[in-house]
Participant: 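The structure is given below, and queries will be raised subsequently.
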Amino acid sequence: MSVISELIRTEQDGKISFGDYTLASKTKKDNFVHGTDKYKVKTFREITKLECNGMFVYESVPGTAVNSLDLTENGVSFQVEGPKDAEITLGLSDSTEYEVLINGENAGTMKTNLGGKLTVSVELEADHQTDVTIRKK
């Protein structure tokens, strides 16, 4: 996997990929249509952020590249890459417990706050993808 040079794209399997952590300045792409949804991505070396229909979906500090993001009502899964460890915040269901898996290993159970946000820290290396799966308990 590598950075998403077009900032956001639809993959052949219908999932989306986004983010370019190599950019020196903030770059964004708005009104990307995927199915019936409109996505907005902002990305560069310091942060990557994704919104769907104006609602928060994903944010990483520092910036990352995300491949095959799969959002369902039961959680989210994706592969992520970046130059160094990242803190990733996801927009999920309010006050809900989720099981967190990093590269298939159980990283524990976490509960979202009242706003539905869940934050995980992920060890990353450029050119190596890390699998992240977060499922409702």
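Sequential numbering from 1 along the given sequence is applied to the chain's residues.
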Participant: Would you please name every residue forming a salt bridge (charged side-chain N to carboxylate O under 4.0 Å, His left out) with R135, sequence neighbours left out?
Facilitator: E99

Participant: Before we go on, tell me: are the rings of F32 and F18 under 6.0 Å apart, centre to centre?
Facilitator: no

Participant: Please check this pair: side chain of T48 against backbone of G19, looking for a donor-acceptor N/O pair closer than 3.5 Å.
Facilitator: no

Participant: Tell me, do C52 and K38 make a side-chain contact under 4.5 Å, heavy atoms counted?
Facilitator: no

Participant: Do the side chains of L7 and F56 join up, straight or via other hydrophobic residues, at under 4.5 Å, putting them in one cluster?
Facilitator: no

Participant: Can you tell if the side chain of P62 reaches within under 4.5 Å of the side chain of K84, non-hydrogen atoms only?
Facilitator: yes

Participant: What pairs of residues pass the side chain to side chain donor-acceptor pair (under 3.5 Å) test when at least one of them lies in residues 25-35, not counting sequence neighbours?
Facilitator: T10-H34

Participant: Does a side chain donor of either N74 or T72 reach within less than 3.5 Å of an acceptor in the other side chain?
Facilitator: no

Participant: Would you check if there is a donor-acceptor pair between the side chains of S60 and Y21 at a distance under 3.5 Å?
Facilitator: no

Participant: Please enumerate all residues that pass side chain to side chain donor-acceptor pair (under 3.5 Å) together with D131, with sequence neighbours excluded.
Facilitator: Q79

Participant: Is there side-chain contact between T43 and K49, with heavy atoms separated by less than 4.5 Å?
Facilitator: no

Participant: Are T109 and Y98 close enough that some pair of their side-chain heavy atoms sits under 4.5 Å apart?
Facilitator: no

Participant: Can you tell me if CD on E11 sees more than 12 non-hydrogen neighbours from other groups inside 6.0 Å?
Facilitator: yes

